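What follows is one structure encoded as structure tokens, with my remarks underneath.
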Number of protein chains: 2
Amino acid sequence: MAKYLNQKPVLVAVDCIIFGYDGEQLKLLVIKRAIEPVKDKWSLMGGFIGDEENLDGAAKRILLELTGLHDVYLEQLHAYGRPDRDPIERTISVVYFSLIDINKYSKQINDQFHAEWFKLAEVPELIFDHNEMVQAAMDKIRYQAALHPILFELLPKKFTIPQLQSLYEQVYDTPIDNRNFIRKITASGLLIKQTEKDKSNSRRGAFYFKLDKNKHKAQFQSFLNFIPKSTK
Amino acid sequence: MAKYLNQKPVLVAVDCIIFGYDGEQLKLLVIKRAIEPVKDKWSLMGGFIGDEENLDGAAKRILLELTGLHDVYLEQLHAYGRPDRDPIERTISVVYFSLIDINKYSKQINDQFHAEWFKLAEVPELIFDHNEMVQAAMDKIRYQAALHPILFELLPKKFTIPQLQSLYEQVYDTPIDNRNFIRKITASGLLIKQTEKDKSNSRRGAFYFKLDKNKHKAQFQSFLNFIPKSTK
DNA sequence: GCAAAAGTGTTGTCAATACACCCATGC
DNA sequence: GCATGGGTGTATTGACAACACTTTTGC
């Protein structure tokens, strides 16, 4: 096979930023890095791209390795390439972020990587530029979630509206009026009310809802405006 | 320097999608590829990343080489990495798009690359996955421009409101009511009316405006809603 | 005086916010 | 019966879209 002359190849890694929501707290999944340098420091889950793999494929593989999950929300965030970002060897990192149902995960948790969930406010120092990547992912999620129903990806099959609202409140770090929130959410038509209630948080209980997956897909690209504009 | 073992490095290229607006038509700048394979086919301007360069730096360099322009709007779009996307050698491409004032460019046009502007509707077949990249860039611009004042980057220092409106109409391929458009634009406070008129398009003439750069920066992150929501 | 583009106002509708009380239930 | 979180309704405001005519001026 012909080659481009005089070009210096570099390593290409794919790193995955994995968010989960346990019904109370938005969390980030990180691992203890298994290889030198900075072995045993906290790190995003990542890996080098395989010979016959495209970028999305590598991200899916890495996510599967760590969580056992297929078919989860995964989106390319950004490519990072500072020459010195990895002190060992020039490495470009293409970063993905993923939103998963933390309950699905915990059934298949894999201790091999010494993975741990951290509350977003308590994420430890990560290797290289990984903290910067997490920050960028949160910014992007805030951007996306204001217009598209991506946060549903974090919820279990059945969830309550207070859970959903609390998730939005955490992502935007702002209190949301529950009457207006419920009105918007129900107006979107994305939810299907169940007959059962979740009684774990109150005596009265909160109705469970399921996501209408068809409507979710159909409306994914439309702009929905879930977040109140600050009235200043 | 220590190295990661058993990892196969690959080439990393940066490609630039360059948009310009001549006051009438939104256009894309492409070049005739100078090297084999597919020499002399139309291609995005690109290059391999340098040893001491980060990705943004490489994009700026490539843009400067082709246009002679510094300090233009430049944003990372996406990384592409299909194993077979470049038939010669495995190459990951990190793609940027850029919005420039086509008039500034033409003063410094550089024939060395056999560059040519194409109307968006008439972009020829490009090499590899470059057409797909251009499509993705247009999608992203539509997304961004609905909320942020990025399209001003395409205009000369002085421009008229009909020019601006026509640009929006092209980007969204839809007619826009001029009364509502003017109201929104003036309400944004981004424009400073000049005393001169552009008489090239009508006997009456259209007032020139300048962009208020401070307000433009300040409001860049806020959501502005320039595009009418389809009333369906 | 007329052609050709620029510019200007009003109205109705809908969506968003602000805001406070009753409901259901387990103890 | 009371404490706890869940759920509900209304009034006001502001933003948006729809819509058609007058203005300017070079020829």
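As the structure is a prediction and not an experimental result, all values here were calculated from the model. Below, chains carry the letters A, B, ... as their sequence lines are ordered, and counting in each starts from 1.
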If I take atom [atom1] in residue [X] and atom [atom2] in nucleotide [N], what distance separates them, rounded to the nearest angstrom?
X       : N       : atom1 : atom2 : result
N178(A) : dA18(C) : CG    : P     : 13 Å
F207(B) : dA5(C)  : CZ    : P     : 19 Å
D177(A) : dT8(D)  : CG    : P     : 14 Å
Q165(B) : dG7(C)  : CD    : C1'   : 11 Å
I176(A) : dA16(C) : CD1   : P     : 13 Å
Q163(B) : dG7(C)  : CD    : C1'   : 16 Å
I185(A) : dA15(C) : CD1   : P     : 15 Å
F181(B) : dA5(C)  : CZ    : P     : 18 Å

Quiz item: Between the side-chain atoms of N180(B) and the base atoms of dA18(D), is any donor-acceptor pair under 3.5 Å?
Solution: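 Under the 3.5 Å cut-off, the side chain and the base do form a donor-acceptor pair.
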Quiz item: What about R183(A): does its side chain form a donor-acceptor pair under 3.5 Å with the base of dG7(D)?
Solution: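 Per atom types, no contact qualifies.
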Exercise. Mark yes when over 12 heavy atoms from residues, nucleotides or ligands other than K197(A) sit less than 6.0 Å from its NZ; otherwise mark no.
Key: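 Yes.
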Quiz item: Looking at Y96(B) versus H78(A), is the centre-to-centre ring distance below 6.0 Å?
Solution: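 For Y96(B) and H78(A), the ring centres are not under 6.0 Å apart.
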Quiz item: Are D15(A) and Y80(A) linked by a side-chain donor-acceptor pair shorter than 3.5 Å?
Solution: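 The answer is no; no qualifying pair exists.
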Self-check item: Pair Q170(A)-Y168(A), side-chain donor/acceptor within less than 3.5 Å
Solution: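 There is no such pair between these side chains.
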Exercise. Among the candidates dC19(D), dT17(C), dG6(D), find the nucleotide nearest to the side-chain atoms of K184(A).
Key: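 Nucleotide nearest to K184(A)'s side chain: dT17(C).
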Quiz prompt | Shortest side-chain distance from R179(A), nucleotide among dT8(C), dA6(C), dT8(D) | solution =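 Side chain of R179(A) sits closest to dT8(D).
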Cut-off 3.5 Å, no hydrogens considered: what does the side-chain donor-acceptor table look like for residues 214-222 of chain A, sequence neighbours left out?
{"unit_1": "H216(A)", "atom_1": "NE2", "unit_2": "P149(A)", "atom_2": "O", "d": "2.8"}
{"unit_1": "Q219(A)", "atom_1": "NE2", "unit_2": "S188(A)", "atom_2": "O", "d": "3.0"}
{"unit_1": "S222(A)", "atom_1": "OG", "unit_2": "Q219(A)", "atom_2": "O", "d": "2.7"}

Exercise. Please confirm whether the backbone N or O of L63(B) pairs with a side-chain atom of T67(B), one donor and one acceptor, at under 3.5 Å?
Key: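 At least one qualifying donor-acceptor pair exists.
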Polar atoms only, N or O, under 3.5 Å: list the protein pairs with nucleotides 22-25 of chain D and their distances.
{"unit_1": "dT23(D)", "atom_1": "O2", "unit_2": "R204(B)", "atom_2": "NH1", "d": "2.6"}

Exercise. Would you indicate what I161(A) reaches in the nucleic acid, counting non-hydrogen atoms under 4.0 angstrom: base, sugar-phosphate, or nothing?
Key: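 I161(A): no heavy atom of the nucleic acid under 4.0 Å.
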Self-check item: N-O pairing of K140(A) and E75(A) below 4.0 Å
Solution: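 Yes, this pair counts.
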